[in-house]
Amino acid sequence: MRFLLALGLVAVFAWMLLGLRNEPAAPAPARAFTSSQQCRECHEQTYVEWESSWHAMSWIDPEVRKLSSDFANQDCIDCHAPRPVLETGIANRVLPRASRRAEGVDCLTCHLHPDGSIAGTRDVASAACKPVATRDLVSPQFCAPCHDQHGTVKQWQASRFAVPGPDYRSCSDCHMPRLQGDRRDHRMHGGHDLAMLQAAVTLRATRAPGAVPGTVLVELENSGAGHNFPTDERSRAADLFWREQGQTTWRHLARLRNPYRHEVGLPNTELASGDTLRVSIDQAPAGPIEVALFYKLSPYWNDPAAPDPEREAVRVALVSVAP
Amino acid sequence: MQTAAALCALLACAPPREQPTVQEVYALADVAQAELARFDQALRATPTALQTAGALPAHVEELEGLCASLAGRDASAHELAQADLKRLGEGAVAPAAYWLANKDADPALRQAAAQALSVLDSPAAALVLVTMVESSRQEVAPEAWLQAQCAWRLGQTTQDWVVPRLILCLRYEQDPPTVVFLARTLARFGNLSGLDGLDSLARTQRESQAGELALQALAELPGELGALSLDELRTRWQSGAQLGASPVQELSKWREREVWRLIAGLSNWQLRDVDDGRFVLSRESAAVAPLLARALRDRNLYVRVHSAQSLERMGARGQAAQSQLIEALAERGVEPYALAALGAVAGVDPAARARSRAAIESRLTERTQVEVRLAAVRALGVLGDAASESVLAPMCAQSADAELAQTASEALLGLEPATAAAPSSARILALRSVHARLTAGAEQAIEAERAVGNWLSRRARARPSDQGPSQALEAWTMWASFDALEPELRGPARAAALPVARLEPLLAR
């Protein structure tokens with residue numbers, strides 16, 4: 001009997017020793033998360049916001065499908081259907097996933113930890129998904145794996161918005177502003193949103209006294225974006241046009257765009273944060289004229305010799321210049 | 001006895017040990033960087049960028065005379081000039097580069113300078129020529145005719161290390177004649193990645209000089225490379241078979257270093273570099289596959305993943321890496337990419353196909369993640385082995401995961417026809433399921449369209465004498481123009497043009 005008791009004690013001791021050799025087990029996730037659809041069950045409003053976002057459209061957007069030849073160009077998949085950012089690590093490049101590609105940049109892309117737990121802005125043990133506070137979730141480095149491929153985060157780092165102080169704004173401060181109840185807006189507005197475009201730039205046009213007669217000075221200031229205008233996608237372009245008031249035909253003045261690799265010889269004319277582009281309209285008519293800024297989601301005009309910005313682009317700003 | 005039993009009980013009660021880490025089951029090492037360093041050390045005399053500005057290099061006048069002789073019509077003067085060039089050796093590279101880049105010089109002299117560099121046939125001389133071809137990507141590009149000339153002259157050297165760099169040139173080159181000469185030079189080194197460009201030029205620019213050059217190249221290449229036809233040549237290239245008349249069959253040390261440089265670059269953060277790397281590696285010859293196989297053990301995750309992707313895109317030319325791809329299935333982070341590659345590299349060799357199929361099907365258990373199972377199902381579709389029907393058919397019908405069921409349907413459509421005269425009901429149901437997604441224009445229509453397109457292409461190739469598949473393929477590709485129709489409308493349009501009743505007979509063997 002004593003022998004059995006001793007053996008039992010040895011067994012318990014050995015079991016404890018073996019147990020101590022292992023790292024403490026990470027808290028098990030409440031359930032396995034495999035699709036953004038699961039998030040909808042509790043986060044209906046946030047899901048609806050995301051569903052209307054361009055992150056949700058990153059696989060099915062017709063423009064993307066055209067530009068990538070329906071993803072026959074497999075290089076596009078990395079960022080258009082990525083594996084979770086936290087899996088490859090913040091600020092590391094993302095890798096393409098094989099499943100749920102139609103969900104694009106989905107909830108799990110940002111919120112799924114490699115151990116299956118959910119990343120949130122704070123710990124909520126009582127919630128069904130038991131989110132774990134992940135401070136980097138709202139850091140600009142979190143957006144870098146995809147959005148810094150064309151330098152957007154670096155542009156932000158060089159802007160006044162990256163300097164701690166009253167002007168400081170992170171990516172999420174502008175693109176995922178706080179809503180009621182401390183929740184962030186998951187529509188993630190950007191270049192598709194006219195209000196965002198209008199908040200990014202200031203357009204001015206004047207006939208300065210003393211200037212050469214017939215010359216109108218036009219200034220476009222990147223006054224509100226914490227990165228270049230336009231930024232990120234090489235398909236994006238912004239164009240300045242002018243016309244005599246009352247006319248319908250616009251005349252091209254300047255283009256802001258970072259060209260594709262194959263467009264050899266074209267300079268990058270994006271406007272850096274805080275910079276101002278100054279161009280002049282020579283021999284402008286004496287009568288009133290209008291100057292406008294248009295934004296395009298695809299770079300080329302149907303008829304490059306006679307572009308029609310009213311049909312093919314979005315008008316961001318318009319200023320009138322008196323005679 | 002009692003003690004032994006107690007010890008057994010004790011062991012049985014012990015908590016489970018930690019799962020072995022990746023390193024324990026799958027040893028990793030600094031493969032790419034170490035290989036690159038080794039080659040850099042061995043090939044120390046690497047030519048670096050040549051100075052073409054500033055003080056005139058030595059022998060400039062002598063080179064001018066030699067180039068004039070090369071440009072002339074006197075054959076004996078040619079021979080003397082070539083002998084003199086070889087006597088000057090590396091000392092002739094800098095002055096030749098000077099004349100090549102001198103925009104004020106007579107074009108015939110510059111052309112002869114390119115010839116002189118090919119006669120020198122050294123790494124430094126080839127670097128001058130390849131840099132000139134690459135410089136079309138610079139803001140101040142050289143004249144297009146000179147680029148084409150340099151691309152052609154590289155084909156007269158034995159400097160095979162320029163192959164990866166010329167493949168990358170294909171990606172960006174806009175000048176049609178240069179594309180033709182790039183393709184011919186690559187072919188001379190046993191690389192046929194320029195064939196698509198030649199096809200495209202021959203089809204779209206038939207009336208131009210470049211179109212004629214492309215047609216001529218397409219007509220001459222089979223004979224030059226020991227094949228009876230272009231189809232045979234293409235098949236041999238895609239299968240990784242050696243191209244008979246190609247003078248260079250193995251990688252030189254210089255070329256191996258270029259390849260390791262590309263593989264090491266797969267770890268770059270910038271996707272643009274990685275895209276270029278994948279583009280070149282996947283168009284390299286079969287001799288590169290063993291290097292990519294070794295890179296599957298690199299310590300850097302991105303090197304491992306993108307090496308697997310490059311092998312996948314190589315297709316059967318990557319078959320030499322099959323064993324290492326099977327081993328890579330042990331690593332969770334690489335597993336989906338290794339599966340995709342296993343489906344693609346097997347080619348037509350029955351033994352290789354059986355190995356790939358067994359490895360892929362082993363991942364289709366309920367315990368594996370959906371991500372892995374989807375990759376495995378797609379890989380079976382790419383492999384196309386009829387024997388996979390027994391695995392895929394139940395998944396189409398029973399899987400609780402809708403995406404898995406759809407993907408299984410698409411994969412089933414990709415299989416080669418079974419031996420039975422009539423198609424199985426599983427295949428008919430799979431076709432109907434895929435067709436229904438086309439009709440609905442649903443989000444999954446991208447994959448469904450790809451599946452039907454690939455299936456029709458395969459059937460048309462397999463039954464060239466039968467008009468059914470080729471006519472269906474023609475009707476299908478009529479809708480391929482992205483300018484003609486928005487992509488979300490294209491699927492339903494194709495489905496309407498090719499109803500199930502017209503497609504079902506094509507399932508028969």
Side-chain angles (χ1 to χ4, degrees), chain A residues 3-4 7-8 10-12 14-19 21-23 32 34-35 59-67 69-76 78-79 83 87-89 91-104 114 144-146 148-150 261-267, chain B residues 2-3 6-7 9-11 13-18 136-141 171-172 174 268-272 274-276 278-279 301-302 305-306 309 312-313 333 336-337 339-340 369-375 378 401 403-404 407 442-444 446-447 449-450 482-483 486-490:
Chain A
F3 169 74
L4 284 176
L7 190 64
V10 167
V12 169
W15 187 86
M16 285 171 70
L17 271 181
L18 284 167
R21 282 176 54 210
N22 288 337
E23 293 292 317
T34 55
S35 165
W59 185 264
I60 55 177
D61 172 26
E63 280 298 323
V64 172
R65 290 183 60 182
K66 275 187 193 179
L67 288 168
S69 302
D70 262 348
F71 293 96
N73 182 355
Q74 294 172 291
D75 291 336
C76 306
D78 298 47
C79 283
R83 282 164 73 165
E87 184 181 303
T88 36
N92 287 334
R93 193 153 46 75
V94 285
L95 289 169
R97 67 169 188 265
S99 60
R100 305 174 292 97
R101 286 175 171 171
E103 290 184 21
C146 291
D148 208 23
Q149 289 298 336
H150 298 149
R261 273 172 279 190
H262 65 265
E263 295 175 306
V264 177
L266 277 185
Chain B
Q2 271 181 329
T3 311
L7 279 172
L10 187 67
L11 286 171
C13 291
R17 290 192 57 178
E18 274 183 275
S136 65
R137 303 203 292 275
Q138 309 300 320
E139 287 202 11
V140 185
R171 183 171 207 192
Y172 297 108
Q174 307 259 316
N268 286 352
W269 188 84
Q270 184 63 245
L271 259 174
R272 171 180 286 205
V274 177
D275 292 350
D276 284 347
R278 288 187 286 207
F279 180 90
L301 171 69
Y302 295 96
V305 166
H306 299 319
Q309 288 180 318
E312 177 202 346
R313 296 175 199 183
Y337 312 101
L339 282 166
Q369 290 183 317
V370 170
E371 176 87 0
V372 172
R373 275 188 280 164
L374 277 168
R378 286 199 187 105
D401 185 310
E403 187 179 16
L404 202 56
T407 308
E443 289 169 351
Q444 292 80 12
I446 297 176
E447 307 284 357
E449 254 191 293
R450 185 172 300 138
F482 287 102
D483 295 331
E486 290 298 314
E488 69 270 29
L489 301 176
R490 196 185 52 231

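Chain identifiers are assigned alphabetically (A, B, ...) following the order of the sequence lines, protein sequences preceding nucleic acid strands; residue numbering begins at 1 within each chain.
With a threshold of 4.5 angstrom between heavy atoms, B:Val274 approaches chain A through side-chain atoms but not through N, CA, C or O. For chain A, the nearby part of B:Asn268 is the backbone; its heavy atoms alone come within less than 4.5 Å. Contact annotation for A:Asp78: only side-chain heavy atoms (C-beta onward) come within less than 4.5 Å of a heavy atom of chain B. The contact between B:Glu371 and chain A is made by backbone and side chain atoms together, counting heavy-atom distances below 4.5 Å. Heavy atoms of A:Gln74 lying under 4.5 Å from chain B belong to its backbone as well as its side chain. Only the side chain of A:Arg83 comes within contact range of chain B, judged by heavy atoms closer than 4.5 Å. Only the side chain of B:Tyr337 comes within contact range of chain A, judged by heavy atoms closer than 4.5 Å. For A:Pro96, the parts sitting under 4.5 Å from any heavy atom of chain B are the backbone and the side chain alike. The contact between B:Glu403 and chain A is made entirely by side chain atoms (from C-beta outward), counting heavy-atom distances below 4.5 Å. Heavy-atom distances place no part of B:Gln369 under 4.5 Å from chain A, backbone and side chain included.
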Dump the intermediate steps for side-chain contact (heavy atoms from CB on, under 4.5 Å) on A:Arg65 and B:Arg490, then the final yes or no. CA-CA 11 Å; A:Arg65 290 183 60 182; B:Arg490 196 185 52 231; 3.8 Å; yes
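With values rounded to the nearest 0.5 angstrom, B:Leu271 atom CG is found 8.0 Å from A:Cys146 atom SG. Note: B:Leu301 CG to A:Thr88 OG1 = 8.0 Å, rounded to the nearest 0.5 Å. Rounding to the nearest 0.5 angstrom, the gap separating the CZ atom in B:Phe279 from the CG atom in A:Asp75 is 9.5 Å.
Between the B:Arg450 side chain and the A:Asp70 main chain, a donor and an acceptor come within less than 3.5 Å of each other. Side-chain atoms of B:Arg272 do not come within 3.5 Å of backbone N or O of A:Gln149 as any donor-acceptor pair.
Residues meeting the ring-ring contact (aromatic ring centres under 6.0 Å, His included) test with B:Tyr302, sequence neighbours left out: none.
When the candidates A:Cys79, A:Ser35, A:Ser99 are compared by the number of heavy-atom contacts under 4.5 Å with chain B, A:Ser99 comes out ahead. The choice from B:Glu447, B:Arg171, B:Arg378 that makes the most heavy-atom pairs within less than 4.5 Å of chain A is B:Arg378.
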